[in-house]
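For reference, the structure discussed in these notes is given below.
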Amino acid sequence: MSIVTRFAPSPTGELHLGSAYSARIAWQQAREVGGTFLVRIEDTDIRRCRREYETAILEDLRWLGLDWDGEVRRQSDHFADYGKVLDQLDARGLIYPCFCTRADIAREIAAAASAPHGPDGPLYPGTCRSLSIEERRHRIAAGHELCMRLDAVRAAEQAGPYSFVDETRGRIEGQPLLMGDFVIARKDTPTSYHLAVTVDDHLQGVTLVTRGEDLLPSTHVHGLLQKLLGYAAPQYAHHRLLTDSDGRRFAKRDKDLTIRALRDAGKTPDDVFALIAAFPAKA
C-alpha cells in the first residue's frame, strides 16, 4: 500500500520553524518511498484564520522546496462533509448541546469536591448532559449560545476497545475518556478540530499522520471517532518538539523564527534546515 502523508497548518499566523520541521518530516516520509504528500488548510476557526496567512504558508512551503500532490483541501469548503457525520453521531444519541460559558464551567469545577483532569486541565463536568429534550429545545429557541459535545461515556460503550500505532511508541491502547465530553461542533461551525481532522484523514486516504507529540492526547479522541465511524486508523508518528535553549517550544509567537522573517533576513532553504537541525528537540 502506498504511503499518504499530510501537513495541515492552521492559517492563524505565518509558518514558523516548528511547523516547517513537521512539514519536512511528513514530506520526506512520502518522497523517500514514492508516496503522496498532501497539504490541507485547517481553517474552521473562522474568526482567527486569515486567507493572507494561507497564501503566505503555501508560498513558504514552495520556497522551502516542499512540493505537494493534488489540490490543497481547505476545511472551510467542506462543512457539508462534517455536517453529515455530525448528523450520524446525533442519530446514535452520541452528542448533546452544551449551553455553558467558560465562566459557568469554571464555577462548576470550583464548586466540585474533586474534578477529573485531562491533558489540558480539569475536564468539562457534564453539566448539560442531563438536560431534558424540552429544556434543550427551550434554550435553543431562546437563542442561547451553544456548542455540541460528544457524550464520551456513551461513545466509549458503543465503540468498545480500540488502539493505534505510533512509529516510536508502538501500539497504544485508546483512552476514550481522556478528554471527557469534548466539543465536537460549534453553533457557527458544524465541526471542531477533532471531528474535521478525523473525517479529512479518512476522505483523503491518509495512511500516516505526522505531527508533534503535544497532539498525542488528541489521537486518543481521533481513534475513538474512527472506531465509532468505521474508519480505518492511520499509523501515527508523533515527533519531538523543537525548543529554544531554555526548553521552551517554538510557536507562532516567535516572530523572528517564522519562515518569512528568515527569508527576509537573507536565509536560504538550506540555512533554514540547518537551523532546524541545530535546535534541540524536547524529549
Q | Any side-chain heavy-atom pair of L216 and R169 under 4.5 Å | A | yes
Q. Should D87 and K84 count as an ion pair when the cut-off is N to O under 4.0 Å?
A. no
Q.
Once rounded to the nearest 0.5 Å, what's the spacing between atom OG of S130 and atom CG of D151?
A. 10.5 Å
Q. Any idea how H239 and Y21 line up, ring-wise: parallel (<30°), tilted (30 to 60°), or perpendicular (>60°)?
A. perpendicular
Q. For atom NE2 of H138, is the number of surrounding heavy atoms from other residues, nucleotides or ligands below 6.0 Å larger than 12?
A. no
(Q) Do E145 and K187 have side chains that approach each other closer than 4.5 Å (heavy atoms only, starting at C-beta)? (A) yes
Q: I would like to know whether T198 and Q226 meet side-chain contact (heavy atoms from CB on, under 4.5 Å); could you show each step before the answer?
A: CA-CA 7 Å; T198 302; Q226 289 158 3; 3.8 Å; yes
Q | Over all atoms of both residues, closest heavy-atom pair of R47 and R50 | A | O-NH1, 3.0 Å
**Q.** 4.5 Å side-chain heavy-atom contact, E42 and V197
**A.** yes
Q) Is the CZ atom of R73 crowded by more than 12 outside heavy atoms at less than 6.0 Å? A) yes
Q: Provide the closest heavy-atom pair for A30 versus I3 in the form atom of the first, atom of the second, distance.
A: CA-CG2, 4.1 Å
Q | Atom of D188, atom of I46 and distance for their closest heavy-atom approach | A | OD2-CD1, 4.0 Å
Q: Indicate yes or no: at least one non-hydrogen side-chain atom of D104 is less than 4.5 angstrom from one of E108.
A: no
(Q) With side-chain contact (heavy atoms from CB on, under 4.5 Å) as the criterion, how do D271 and L262 come out once you've worked through the C-alpha distance, each side chain's angles and the decisive distance to 0.1 Å? (A) CA-CA 9 Å; D271 292 333; L262 293 170; over 6 Å; no
**Q.** L224 to A155 - nearest heavy-atom pair and separation
**A.** CD1-O, 4.0 Å
Q: Please report the shortest heavy-atom distance between H117 and L123, naming the atom on each side.
A: C-CG, 3.8 Å
(Q) Tell me whether R263 is salt-bridged to E14, with the criterion being a basic N under 4.0 Å from an acidic carboxylate O. (A) no
(Q) Distance alone, cut at 3.5 Å: any donor-acceptor contact between the side chains of Y193 and D45? (A) no
Q: Start with the C-alpha distance between T191 and L86, add both sets of side-chain angles, then the distance that settles side-chain contact (heavy atoms from CB on, under 4.5 Å), and finish with yes or no.
A: CA-CA 8 Å; T191 189; L86 197 66; over 6 Å; no
**Q.** Shortest non-hydrogen contact from A26 toward T210
**A.** CB-CB, 4.0 Å
Q | V221-V199 co-clustered via ILVMFWY side chain contacts under 4.5 Å | A | yes
(Q) Heavy-atom count check: over 12 atoms from other residues, nucleotides or ligands less than 6.0 Å from E52 CD? (A) yes
Q: Run the numbers on L131 and F99 for side-chain contact (heavy atoms from CB on, under 4.5 Å), then give the verdict.
A: CA-CA 10 Å; L131 291 178; F99 307 93; 3.9 Å; yes
Q) Any side-chain donor paired with an acceptor under 3.5 Å for T44 and R186? A) no
Q) Distance-only, no hydrogens or angles: does the R260 side chain make a donor-acceptor pair with backbone N or O of L257 under 3.5 Å? A) no
Q.
Quick check on R92: does its CZ atom have over 12 non-hydrogen neighbours (other residues, nucleotides or ligands) under 6.0 Å away?
A. yes
Q. Within the side chain of D181, is there an N or O that forms a donor-acceptor pair under 3.5 Å with the backbone of A152?
A. yes
Q. Are L178 and V183 grouped together when hydrophobic residues (ILVMFWY) are joined by side-chain heavy atoms under 4.5 angstrom apart?
A. no
**Q.** pair D200-Y82: side-chain heavy atoms closer than 4.5 Å
**A.** yes
Q.
Within the 4.5 Å heavy-atom criterion, are L228 and Q88 side-chain neighbours or not?
A. no
(Q) Within the 4.5 Å heavy-atom criterion, are S163 and E173 side-chain neighbours or not? (A) yes
**Q.** Beyond-backbone contact of Y124 with R149, side-chain heavy atoms, under 4.5 angstrom
**A.** yes
**Q.** Side-chain ion pair, R31 and D69, N-O less than 4.0 Å
**A.** yes
**Q.** N/O donor-acceptor pair under 3.5 Å between R48 side chain and T12 backbone
**A.** no
Q. Under a single-linkage definition using a 4.5 Å side-chain heavy-atom cutoff for Ile, Leu, Val, Met, Phe, Trp and Tyr, are I184 and Y162 assigned to the same hydrophobic cluster?
A. yes
Q: Report whether L195 and Y236 are members of the same hydrophobic cluster (ILVMFWY, side-chain heavy atoms less than 4.5 Å apart, transitive linking).
A: no
Q | hydrophobic_cluster_shared for W63 and L275, side chain cutoff 4.5 Å | A | yes
Q.
Quick one about H16 and S19 (side-chain donor to acceptor, distance below 3.5 Å, no hydrogens or angles considered), yes or no?
A. yes
Q. Is the closest basic N to carboxylate O distance between E54 and R51 below 4.0 Å?
A. yes
Q: Hey, could you give me the SG/CG distance between C98 and L146, rounded to the nearest 0.5 Å?
A: 8.5 Å
Q. Within the distance-only criterion (no hydrogens, no angle test), does the side chain of K227 pair as donor or acceptor with the backbone N or O of A159 below 3.5 angstrom?
A. yes
Q. Sub-3.5 Å donor-acceptor pair from the side chain of T207 to the main-chain atoms of V4, do we have one?
A. yes
(Q) Under 3.5 Å, is there a donor on one side chain and an acceptor on the other for Q204 and R40? (A) yes
